[in-house]
Trainee: 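Here you go, one structure.
Chain letters run A, B, ... following the sequence lines, proteins first and then strands; every chain starts at 1.
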Amino acid sequence: DIQMTQSPSSLSASVGDRVTITCRASQTISTYLNWYQQKPGKAPKLLIYGASSLQSGVPSRFSGSGSGTDFTLTITSLQPEDFATYFCQQGFSIPHFGGGTKVEIK
Amino acid sequence: QLQLQESGPGLVKPSETLSLTCTVSGVSVSNPSYYWGWIRQPPGKGLEWIARIDYTGTTYSNPSLKSRVSISVDTSKNQFSLKLNSVTAADTAVYYCASVRHLVLSMDVWGNGTTVTVSS
């Protein structure tokens with residue numbers, strides 16, 4: 001199985017901050033990497049697929065990059081509605097999710 | 001607009017079979033552009049992929065659950081279903097169904113989720 005490791009597991013940030021979350025695969029997965037946002041009590045929401053493609057309806061302040069084993073989700077200017085938990089997920093083989101990164105208000 | 005909704009018992013006894021159904025609206029489950037999948041999330045924990053199925057009935061399951069999982073599609077009702085047998089307390093979770101994009105296997109549209117508790 002290909003395991004996914006996210007870092008940090010949590011972070012504190014202020015509205016307007018630039019936030020970066022990283023995800024590392026245990027072996028190369030090309031660009032078969034997806035990012036999700038989850039708010040408490042809600043289903044996850046797809047943000048980015050294929051490492052860098054923005055899902056329809058997702059604000060452009062979200063972006064993804066990377067290939068191989070190292071990937072990044074960036075939020076360029078954090079908004080109040082962005083405080084949530086973010087998960088990466090590899091789709092190269094049996095899907096596995098990262099452990100999540102909780103973005104909290106500073 | 002594609003929408004999914006999970007349904008099924010909220011309480012299952014240990015050693016019994018968990019059965020859930022996902023009703024799809026806005027798209028036919030026979031549409032070859034989609035896979036259909038199940039994911040779960042134990043309380044306070046991360047996400048675990050369970051299985052997926054396509055319109056032909058071809059299935060792929062998480063090896064950690066494979067021997068206990070059965071997934072099927074009912075085109076007449078535009079639904080797909082999950083059965084997980086021999087459940088234990090470790091199977092207590094919120095269960096989600098989702099549409100799955102080909103190739104990158106992203107879960108594009110999710111149901112709201114249904115909580116299943118395994119307890120006697």
Trainee: Please indicate whether Lys39(A) has more than 12 foreign heavy atoms, meaning atoms of other residues, nucleotides or ligands, lying under 6.0 Å from its NZ.
Mentor: yes
Trainee: Run the side-chain contact (heavy atoms from CB on, under 4.5 Å) check on Tyr60(B) and Ile94(A) step by step: do they pass?
Mentor: CA-CA 8 Å; Tyr60(B) 294 90; Ile94(A) 303 296; 5.5 Å; no
Trainee: Do you reckon Leu18(B) sits in the same ILVMFWY cluster as Leu11(B), going by side-chain contacts under 4.5 Å, direct or chained?
Mentor: no
Trainee: How long is the straight-line distance from NE2 of His96(A) back to CH2 of Trp49(B), given to the nearest 0.5 Å?
Mentor: 9.0 Å
Trainee: Do Trp110(B) and Trp36(B) belong to the same hydrophobic cluster, where Ile, Leu, Val, Met, Phe, Trp and Tyr are linked whenever their side-chain heavy atoms lie under 4.5 Å apart, directly or via other members?
Mentor: no
Trainee: Can you tell which part of Arg101(B) gets under 4.5 Å to a heavy atom of chain A, answering side chain, backbone, both or neither?
Mentor: side chain
Trainee: Between atom CD of Gln38(A) and atom OH of Tyr96(B), what is the distance when rounded to the nearest 0.5 Å?
Mentor: 4.5 Å
Trainee: At a heavy-atom separation under 4.5 Å, does Ser61(B) approach chain A through its side chain, its backbone, both, or neither?
Mentor: backbone
Trainee: Within the side chain of Asp108(B), is there an N or O that forms a donor-acceptor pair under 3.5 Å with the backbone of Leu46(A)?
Mentor: no
Trainee: Once you round to the nearest 0.5 Å, how far does CE of Met107(B) lie from CD of Gln89(A)?
Mentor: 4.0 Å
Trainee: Does atom CZ (Arg68(B)) have a neighbourhood of more than 12 heavy atoms from anything else shown, all under 6.0 Å?
Mentor: yes
Trainee: With chain B as the partner, which of Gly50(A), Pro44(A), Gly99(A) has the greatest number of non-hydrogen pairs under 4.5 Å?
Mentor: Pro44(A)
Trainee: Using a 4.5 angstrom heavy-atom cutoff, name the option from Gly37(B), Ser106(B), Ala98(B), Gly46(B) with the most pairs to chain A.
Mentor: Ser106(B)
Trainee: As an exercise, state the distance from CD of Gln90(A) to CG of Leu105(B), rounded to the nearest 0.5 Å.
Mentor: 8.5 Å
Trainee: What do you reckon, is CZ of Phe83(A) surrounded by more than 12 foreign heavy atoms closer than 6.0 Å?
Mentor: yes
Trainee: Do Ile2(A) and Leu33(A) land in one hydrophobic cluster if side-chain heavy atoms of ILVMFWY residues count as linked below 4.5 Å?
Mentor: yes
Trainee: Looking only at heavy atoms, what is the nearest atom pair of Ala43(A) and Gly111(B), with distance?
Mentor: CB-O, 3.2 Å
Trainee: Side chains of Ile39(B) and Phe97(A): does their closest heavy-atom pair fall under 4.5 Å?
Mentor: yes
Trainee: Heavy-atom cut-off 4.5 Å, strictly under: side chain, backbone, both or neither for Phe92(A) against chain B?
Mentor: neither
Trainee: Between chain B and each of Gly100(A), Ser53(A), Pro95(A), count heavy-atom pairs under 4.5 Å; write down the option with the most.
Mentor: Pro95(A)
Trainee: Answer yes or no: are there more than 12 heavy-atom neighbours, outside Arg61(A) itself, under 6.0 Å from its atom CZ?
Mentor: yes
